**Q** 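Take this structure first; my questions come after.
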Amino acid sequence: MSVWRPRSLGVDPATGKEAFVVARPGGVLEALADAHALEVAAVLVAVVGAVLEAGEASDAELAAFVSPLHAALDECVGMVAADGGVADRE
């Protein structure tokens with residue numbers, strides 16, 4: 001079962017507010033939301049990788065990455081599921 005949910009398009013630099021859309025599958029807004037989600041995930045991978053490589057982060061600092069990493073992973077899994085790459089999520 002496919003669930004439409006608000007997807008981020010990023011933050012408006014003029015207002016500082018995040019823009020969300022409920023995009024139709026295969027549409028332009030969905031492609032923009034996918035691109036934004038992949039960009040966010042790539043930045044998180046780079047930052048977390050650098051922190052882990054340095055090996056000096058405290059448990060509290062590492063724990064701060066859990067929520068954004070979960071959100072990015074959830075968004076990426078949602079994109080794959082929408083493309084039929086994995087079973088639909090609940």
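Residue numbers run from 1 in the order of the sequence given. Predicted model only: the values in this text are computed from it and were never measured.
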**Q** Applying the 4.5 Å side-chain criterion to the ILVMFWY set and letting contacts propagate, would Val40 and Val45 be lumped into a single cluster?
**A** no

**Q** Just do the side-chain contact (heavy atoms from CB on, under 4.5 Å) check on Leu52 and Leu62 with the steps written out, would you?
**A** CA-CA 9 Å; Leu52 292 174; Leu62 293 174; 3.9 Å; yes

**Q** Is any side-chain heavy atom of Val51 closer than 4.5 Å to a side-chain heavy atom of Val48?
**A**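 The answer is no, as the side chains (C-beta and beyond) never meet within the 4.5 Å cut-off.
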
**Q** Which heavy atom of Cys76 sits nearest to which heavy atom of Ala41, and what is that distance?
**A** SG-CB, 3.9 Å

**Q** According to a hydrophobic-cluster definition based on side-chain heavy atoms being under 4.5 Å apart (Ile, Leu, Val, Met, Phe, Trp, Tyr only), do Val43 and Phe65 belong together?
**A**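 Val43 and Phe65: one cluster.
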
**Q** Run the side-chain contact (heavy atoms from CB on, under 4.5 Å) test on Leu32 and His36 for me, step by step, so that the C-alpha distance in whole Å, both residues' side-chain angles and the decisive distance to 0.1 Å come before the verdict.
**A** CA-CA 6 Å; Leu32 289 172; His36 176 69; over 6 Å; no

**Q** Above 12 or not: heavy atoms from other molecules or residues under 6.0 Å from CD of Glu39?
**A** no

**Q** Does a sphere of radius 6.0 Å around CG in Asp59 hold more than 12 heavy atoms from other residues, nucleotides or ligands, not counting ones at 6.0 Å or beyond?
**A**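 Not more than 12 within 6.0 Å, no.
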
**Q** What's the spacing between Leu9 CG and Phe20 CZ if we round to 0.5 Å?
**A**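 Interatomic distance, Leu9 CG to Phe20 CZ, rounded to 0.5 Å: 9.0 Å.
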
**Q** With a 4.5 Å heavy-atom cut-off, do Pro6 and Val21 have their side chains touching?
**A** no

**Q** Just how far is it from atom CG of Leu44 to atom CG of Leu73, taken to the nearest 0.5 Å?
**A** 10.5 Å

**Q** Using a strict 4.0 Å threshold on nitrogen-to-oxygen distance, state whether Glu75 and Arg7 make a salt bridge.
**A** yes

